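Owing to the predicted nature of the structure, the values given are computational and were not obtained by experimental measurement.
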Amino acid sequence: MSGRVVVVGSANVDLVVDVPRHPAGGETILGGDLRRSPGGKGANQAAGAARAGGAETSFVGAVGRDDSADLLLASLRRAGVRTDLVWRLDVPTGTALITVSPDGENAIVVAPGANSHLAVEAPQAERIAAADVVLAQLEIPLDVVRDAAAARRPGALLVLNAAPSRPLPDDVWAAVDVLVVNEHEAADLADAPGADAPEALAAALLERVPAVVVTLGGEGGLVARRGLDPVRVAAHRVEPVDTTGAGDTFCGVLAAALARGDDLAAAARLAAAAGALAVTRPGAQDAVPAASEVTALAGTA
């Protein structure tokens, strides 16, 4: 292993139903069979980082003492993630309710459960202090993101996937080294009235953070850094089956590549290939591709 990643974030069990279309308010729709699989943005990203190879990956999260927690921890361990710092609490494990339409698009409601009780204490802070990259998201309390950022060693990167979107206080903005957002999250966070092009949104966000990666789904992505021209990341044409967790796979592979010492643009190209492969399979952690698959697809771009 040439790098170390610590992912601080959420862990949920996903309850997934295929639907002919997403229901409107007050509407009932008959769907397919219920699938139960490991998920949560943080856990998904940890699986993505571990399977990317070349970076020891630890997960800092919180789960209950139920069978949902057992499912999640077993999945993370299979992916090669260190789980010794995961809190087990006397509250339910987080749950995500997901509907997936025939085009692979999903709609998600999350009941946070144990994720709301996550904290960074001395053992977690010690592991974070040894990391090259700390990756966090916003399905956990902002105080946890603050504490994880404060525990970093000098020179370590904080990569924040600002999802689900919410307003960020100044001290959190100041801690971020690389911001990863999709177009909708970029528009929510950028103080740029009338801006809708990814380049304009990224330029506005660069006033707050040194580097931004805007993911654009089937259109690829954009890497923007202060003082450098923005770089477009090409998309890979695939047939989507389920987009659940594709963005998380992107973030995990990006973090692992940065921990290995890759340039941000090169890391984003690998991450885009991983995200493309993830949408061709059902599930979140179950859909995370192996490093060899990612490298092979990235080489075709």
Side-chain angles (χ1 to χ4, degrees), residues 1-11 39-61 76 79-83 85-86 120 124 127-140 144-145 148-149 151-153 155-163 172 175-182 185 209-215 221 223-225 233 245-278 284-285 287-291 294-295 298:
M1 296 291 182
S2 59
R4 293 179 178 175
V5 174
V6 174
V7 181
V8 182
S10 58
K41 296 192 72 63
N44 296 343
Q45 292 177 10
R51 287 191 183 150
E56 178 188 273
T57 302
S58 296
F59 179 57
V60 173
L76 288 168
V81 178
R82 294 185 64 179
T83 61
L85 295 177
V86 175
V120 173
Q124 290 80 14
R127 185 74 54 82
I128 290 168
D132 301 294
V133 174
V134 179
L135 173 60
Q137 332 73 36
L138 299 179
E139 282 186 340
I140 54 175
V144 178
V145 178
R152 285 174 300 163
R153 63 173 176 80
L157 296 176
L158 177 69
V159 179
L160 178 65
N161 174 215
V172 173
V176 176
D177 297 296
V178 180
L179 180 72
V180 182
V181 285
N182 64 25
E185 293 150 1
V209 296
V212 179
V213 179
V214 182
T215 59
V223 175
R225 292 161 287 187
V233 176
D248 298 333
T249 296
F250 181 102
C251 291
V253 172
L254 181 84
L258 292 173
R260 295 193 304 264
D262 287 9
D263 168 81
L264 181 59
R269 291 187 187 97
L270 277 177
L277 287 167
Q285 289 168 43
V288 175
V294 174
T295 302

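For the pair L157 and L135, the minimum side-chain heavy-atom distance is 4.5 Å or more. Taking 4.5 Å as the limit, some side-chain heavy atom of P289 sits within range of a side-chain heavy atom of T249. For the pair V60/V144, no side-chain contact is recorded, criterion being any heavy-atom separation below 4.5 Å from C-beta on. Residues K41 and I140 form no side-chain contact, since every pair of their non-hydrogen atoms from C-beta on lies 4.5 Å or further apart.
Annotation: salt bridge (charged side-chain N to carboxylate O under 4.0 Å, His left out) contacts of R260 (sequence neighbours excluded): D262.
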Run the side-chain contact (heavy atoms from CB on, under 4.5 Å) check on L179 and V214 step by step: do they pass?
-> CA-CA 8 Å; L179 180 72; V214 182; over 6 Å; no
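Under a 3.5 Å cut-off, the side chain of R152 and the backbone N or O of A149 do form a donor-acceptor pair. Judged purely by atom type and a 3.5 angstrom limit, D132 uses its side chain to pair as donor or acceptor with the backbone of R4. Side chain of T57 to backbone of V81: no donor-acceptor contact under 3.5 angstrom is found. Remark: side-chain polar atoms of R153 are paired, donor with acceptor, to backbone N or O of A131 under 3.5 angstrom.
For residues 45-54, the set of pairs meeting the side chain to side chain donor-acceptor pair (under 3.5 Å) definition, not counting sequence neighbours, comprises Q45-Q137, Q45-N161, Q45-D248.
Heavy atoms only, all atoms of each residue included: G39 and A284 are closest at CA-CB, 4.4 Å. Shown here for V176 and V172, the closest heavy-atom pair between the two residues is CG2-O, 3.2 Å. Shortest non-hydrogen contact noted between A52 and A291 is O-CB, 3.3 Å. The two residues A148 and V134 make their nearest non-hydrogen contact at CB-CG1, 4.3 Å. Shortest non-hydrogen contact noted between L270 and V294 is O-CG1, 3.3 Å. Nearest heavy atom pair, residue V209 against residue V212, reads CG2-CG2, 3.6 Å.
Distance check: S58 OG to L76 CG gives 11.0 Å after rounding to the nearest 0.5 Å. Rounded to the nearest 0.5 Å, atoms CZ (F250) and CG (N44) are 15.0 Å apart.
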